[in-house]
Amino acid sequence: MRDERIHGSRLIPPALVSLLVFSLCGSADAQDAVTAIRAARVIDGVGSEAIDDGVVVVRGAEIVAVGSADDVSIPDGADVVDLPGHTLLPGLIDSHDHPTLRPDSLELQPMIDQRMAPGEEQMLRAIRNMRISLLGGTTTVRVTGESSGIDFRLARAIQDGVIPGPRIIAAGMPIVATSPGAGPLWPTDGVESIRRRIRENVLGGARFTKMYLSDTSPTTTILSREEVCAAVDESHRLGIPITSHVVGNWGVSIRVALECGVDAFEHVRPITDDIIDLFVEHESHLNITPLIFIAGGIRWSPEMWRRLDNEMTSVEEWIDFNRATIQEARRNNPMGETEDRPQDVFDIAEAGAVDFTPGIRPYQARLLEAHRRGVPISHGTDTLHGTLLLNIEFLVEGGFTPMEAIQATTRVAANGLGLGMGDRIGTLEPGKLADIISVEGDPLTEIRDLAKVRFIMIEGRRLDPLSFH
Ligand SMILES: [Zn+2]
């Protein structure tokens, strides 16, 4: 049975929803099909240890049993999938991505050009990018801002099986002030236009609101406090959470957003001791995009993407290429490891907004501090689709255990989506949707084994027979 909270448009009348659900469910056979997946170990995402010699039993779209082979009996007639040497784990969640975009020089104009391209062109990129994400083990992508309803159409096409891809949680058009970063399509200035955009988004299928805030002075952020609070009020009034991009030199954007009641925070700069205190106090969720942040010095180009798309033959190679590129950029910029430096990703100074890029090591230390103090931290690839593993490696390098970094990508990320999603995905537990992947090897002892994704299931459907190209 499809979960209306996850899939259904909010605006379809309940009677029609039951008709749709009835027709979508297909035959009783498919709904009741039972699969038992056996592997060397199971990371259920709940406990701190893996279950050795584990089994996950799936009936229809849901998990019905998880445990060791000694404890779980496999129902008669079940389709048994044996994965010796593999680790089963919950499907990964990319908590911040823009499927239509690819980094191109990391400057503003190429990004705006991609946004301004005809919708069909943007959709072609999105389809390719989401295939890579899926084959990299990502089963849910939280899409933090797209134009022209592309994310809504993408979500529906994937849901209906027109194209393969991870589940899409879409925000629609973001809330953003007139500024260079907004480009020509996006600005929402004034309370009325903000409320209207949120209503239009919800009508289109938005599951949350995305807002952009950058510090403009030691006491101001780019939208007025009144505008920020109105965005929060309208989102909550319509029953959806709101998250905000918050960057800057002084932490004003973070403070204003927290005071207005924003639910989650993207990127999050600066992270100081004071800011960590505020996150603890407000019990707020921190969603970081470390890869795109450390990739700041890389000159991404269409030629690099051509190589990735045409010369790589698997997601492992795709990830290896990106890892090597980032490692080289880090070697070439030793100062970036330890020292804060002026913002070098997007030049937003023209808008009066100020950002800075923290040194990688101090940033990691602050994240670890926030994590140890109980701040939920998840992460997203933010246009470097399919490379969640490199974020996970970043967290492990910063002191997270491999299990903690995996949970930041599964259970913690699911809770961060709001909408009760933490009750449906993010762990392997009876009653949850069967979003399951396997990797060859043991990522708890060798984190890079997470690139060896072999088995992929979303809501009980196998997607791993897909080819990379
Ligand atoms: Zn983003």
Side-chain angles (χ1 to χ4, degrees), residues 93-116 122 125-126 129-130 132-133 138 140-148 150-151 154 166 168-177 179-183 185-188 201 206-214 222-223 231 241-248 253-254 257 262-269 285-296 298 300 322 343-348 351 353 355 357 377-388 390-391 394 409 413 416-417:
I93 299 173
D94 189 337
S95 295
H96 183 128
D97 198 15
H98 307 274
T100 66
L101 292 182
R102 292 180 149 191
D104 179 353
S105 79
L106 286 184
E107 277 164 12
L108 204 51
Q109 193 56 47
M111 191 188 79
I112 290 173
D113 292 346
Q114 290 184 49
R115 290 256 185 248
M116 292 295 289
Q122 296 192 52
R125 278 197 300 271
N129 292 337
M130 290 303 93
I132 305 295
S133 287
T138 305
T140 299
V141 174
R142 177 170 171 264
V143 177
T144 47
E146 291 287 356
S147 57
S148 316
I150 287 175
D151 49 351
L154 184 66
I168 299 289
I169 310 287
M173 301 264 279
I175 304 303
V176 57
S179 59
L185 286 175
W186 284 10
T188 44
N201 279 340
R207 315 302 310 276
F208 67 105
T209 298
K210 165 75 183 296
M211 176 165 57
Y212 281 84
L213 296 177
S214 305
I222 197 158
L223 286 167
I242 175 167
T243 190
S244 186
H245 165 119
V246 282
V247 299
S253 301
I254 297 170
V262 165
D263 302 292
F265 295 78
E266 311 297 308
H267 316 298
V268 194
R269 298 191 292 268
H285 190 103
L286 211 152
N287 190 40
I288 56 168
T289 54
L291 197 60
I292 200 74
F293 142 72
I294 52 180
I298 299 170
W300 300 96
N322 280 293
Q343 171 66 14
D344 55 6
V345 179
F346 296 136
D347 179 11
I348 50 175
D355 191 8
T357 304
I377 298 177
S378 55
H379 58 93
T381 59
D382 202 6
T383 70
L384 287 172
H385 326 281
T387 59
L388 277 174
L390 302 184
N391 284 347
F394 176 90
T409 327
L417 296 169

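Positions are given from 1 along the sequence. Counting starts at 1 for both ligands and their atoms, following the listed order. Predicted, not measured: the structure shown is a model, and the values here were computed from it.
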- Verdict with reasoning, Asn287 to His379, per side chain to side chain donor-acceptor pair (under 3.5 Å): CA-CA 5 Å; Asn287 190 40; His379 58 93; over 6 Å; no
- Task: Examine Lys210 relative to Phe208 and say whether NZ or CZ is less than 6.0 Å from the centre of the six-membered ring and inside a 45° cone about the ring axis.
- Result: no
- Is Arg142 reaching over with its side chain to a backbone N or O of His96, donor-acceptor style, under 3.5 angstrom? no
- Output yes if His245 passes the N/O/S-under-2.8 Å test against the Zn ion (ligand 1); output no otherwise. no
- Query: How about His96: does one of its N, O or S atoms come closer than 2.8 Å to the Zn ion (ligand 1)?
  - Reply: yes
- Task: For side-chain contact (heavy atoms from CB on, under 4.5 Å), just list the numbers for Thr289 and Glu266, CA-CA rounded to whole Å, side-chain angles, deciding distance to a tenth of an Å, and then say yes or no.
- Result: CA-CA 8 Å; Thr289 54; Glu266 311 297 308; 5.5 Å; no
- So which N/O/S atom does His98 have closest to the Zn ion (ligand 1)? NE2
- Does Asp382 bring an N, O or S atom to under 2.8 Å of the Zn ion (ligand 1)? yes
